[in-house]
K.L.:
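Next up is a structure, given as C-alpha cells.
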Protein chains: 2
Amino acid sequence: MTKISELKDFSECSTTYILAVNDTINVINGKWKAAIISSLFFGKKRYGEIEKDIPKINSRMLSKELRDLEANGIVVRKVYDTIPVGVEYELTESGHAFRKVLDVMLEWGLEHRKNVIGKTI
Amino acid sequence: MTKISELKDFSECSTTYILAVNDTINVINGKWKAAIISSLFFGKKRYGEIEKDIPKINSRMLSKELRDLEANGIVVRKVYDTIPVGVEYELTESGHAFRKVLDVMLEWGLEHRKNVIGKTI
DNA sequence: CTGAATCCTTAATGATACTG
DNA sequence: CAGTATCATTAAGGATTCAG
C-alpha cells in the first residue's frame, strides 16, 4: 500500500500506514528541523554555517536537533581532527529524498494560503 | 517558486518558502491531526465516529484539534438542530488536497523505514 | 451526543554561561 | 569552533468531571 486511496475506510488504516506517516512527522516535528534539512539540501555544512543560515536558533537547540536527525538517519556527522576541530553535517540518502516531501508541503501550503486568503479577506 | 530546487542556496529561502512550509507543518503538528484528517478522507463523520476511529484520543484533545483544524480551514463543522444535537465534520477543499501531502509522507516513511532497517539490523 | 472546564504532568523551547 | 550544562519558561497532552 503506497496511497491512502488504496484503503476503503479508516478502519483499514493499518499499523504500517500509521507507523510510516508518523515516521515522517517525527522527522520534521519541532520548530527547526525543516529549516535545518533545507539548509543541508545545498551541500554539506559546518555547524557554524547552519547556525548562520538559521539566525534565531540557539546552540542548544541546534545541537539537539542535529543529534535527533543523526539518530533518525537523516544526517551524518563527520569530524575532522584538525585544530580547532571541524565538523561537517551532510544529508543521507533518506535526507535527500526528503526533498520531495518538502516540495509537496510547499506546494500545498501555497495553494492553501491562496484558498484561505480568498475566503477570509 | 514551487520547488526547492529552484533556489540556488538557503539564503534564498524566501519568506514565502518558510511561511508555506510552516503552514503545512502547522496543519499536522501535534499527535492527532494526521489521524483525524485521514479519518475524514472517507467522508463526513460525526464527533463520536471520529472518536471511535481513534480509540486513544480523549474528548478534550479531539475537540481542541477539531477547533484548530476548523480555524485553519481544513474542516468544516455542521450543526443539525436535532435532539440530541448532531454535528458533522467534513474536509474542505484544502483538506481533501492534503491527501497528496500524506501520500508523499507515507511513501517517504516506508522507504526510510526500509533504509534504516537495512543499515541497523 | 457533543463537547467545555478544570487541574495536573510532561515535553519542548529559550537564555545564559561555560569548556576542550 | 562546536558544542555542553544549568535553569527558567511555555506549550502540549492527559485525566476527570460535568452540562446543554
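Keep in mind that what you see is a predicted model, and the values were worked out from it rather than measured. First the proteins, then the strands, lettered A, B, ... as listed; each starts at 1.
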K.L.:
For dG3(C), does OP1 or OP2 lie under 4.0 Å from any side-chain N or O of Y89(B)?
P.N.:
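Answer is yes, contact under 4.0 Å.
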
K.L.:
If a protein heavy atom is under 4.0 Å from the base, mark B; if only from the sugar-phosphate, S; if neither, -; do that for nucleotides 9-20 of chain C going 5' to 3'.
P.N.:
----BBB-----

K.L.:
Taking the side chain as C-beta and beyond, is there a heavy-atom pair between L62(B) and I50(B) under 4.5 Å?
P.N.:
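Touching, per the 4.5 Å side-chain cut-off.
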
K.L.:
Distance alone, cut at 3.5 Å: any donor-acceptor contact between the side chains of S63(A) and Y47(A)?
P.N.:
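Their side chains do not contain a donor-acceptor pair, so the 3.5 Å distance test is not met.
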
K.L.:
Would a 4.5 Å heavy-atom cut-off, applied to side chains only, mark V27(A) and K33(A) as touching?
P.N.:
no

K.L.:
Indicate the ring-plane relationship of H96(A) and F41(A), choosing parallel, tilted or perpendicular according to the 30° and 60° boundaries.
P.N.:
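Answer is tilted, since the angle falls between 30° and 60°.
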
K.L.:
Any side-chain heavy atom of E70(A) sitting closer than 4.5 Å to one from V76(A)?
P.N.:
no

K.L.:
For DNA chain D, determine which residues of residues 45-53 of chain A have any heavy atom closer than 4.0 angstrom to one of its atoms, and list them numerically.
P.N.:
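R46(A), Y47(A), G48(A) - these, ordered by number, are the residues of the stretch whose heavy atoms sit under 4.0 Å from the strand.
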
K.L.:
For a side-chain contact (heavy atoms from CB on, under 4.5 Å) with S38(B), tell me which candidate from D53(B), L106(B), I54(B), L102(B) qualifies.
P.N.:
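Passing option: L102(B).
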
K.L.:
Is the shortest side-chain N to carboxylate O distance from E111(B) to K114(B) below 4.0 Å?
P.N.:
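Yes, charged N to carboxylate O under 4.0 Å.
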
K.L.:
On DNA chain D, reading 5' to 3', which nucleotide is the first and which the last to sit with an atom under 4.0 Å from a heavy atom of chain A, could you check?
P.N.:
dC1(D) to dT6(D)

K.L.:
Would you say R77(B) reaches dG3(C)'s phosphate, i.e. side-chain N/O to OP1/OP2 under 4.0 Å?
P.N.:
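True: R77(B) side-chain N/O within range (under 4.0 Å) of dG3(C) OP1/OP2.
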
K.L.:
Not counting sequence neighbours, which residues clear ring-ring contact (aromatic ring centres under 6.0 Å, His included) with W32(A)? List them please.
P.N.:
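Testing W32(A) for ring-ring contact (aromatic ring centres under 6.0 Å, His included), a comparison that skips the adjacent residues, returns none.
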
K.L.:
For L91(A) and L69(A): C-alpha separation, side-chain torsions, deciding distance, then whether side-chain contact (heavy atoms from CB on, under 4.5 Å) applies.
P.N.:
CA-CA 9 Å; L91(A) 292 176; L69(A) 291 170; over 6 Å; no

K.L.:
Determine whether V21(A) and I25(A) make a side-chain contact, defined as any pair of heavy atoms from C-beta on separated by less than 4.5 Å.
P.N.:
yes

K.L.:
Which pairs pass salt bridge (Lys or Arg N to Asp or Glu O under 4.0 Å) with one or both residues in residues 71-84 of chain B, sequence neighbours excluded?
P.N.:
K78(B)-E90(B)

K.L.:
Hey, could you give me the CZ/CD distance between F42(B) and E49(B), rounded to the nearest 0.5 Å?
P.N.:
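One gets 13.5 Å once the value is rounded to the nearest 0.5 Å.
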
K.L.:
Note the angle between the end axes of the helix from dC1(C)-dG20(D) to dG20(C)-dC1(D), five pairs defining each, rounded to 10 degrees.
P.N.:
50°

K.L.:
Taking the basic N atoms (NZ, or NE/NH1/NH2) and the acidic carboxylate oxygens, is any pair closer than 4.0 Å for D103(B) and R99(B)?
P.N.:
no

K.L.:
Does a side-chain N or O of S63(B) approach OP1 or OP2 of dA4(C) to a distance below 4.0 Å, or not?
P.N.:
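Yes, within the criterion.
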
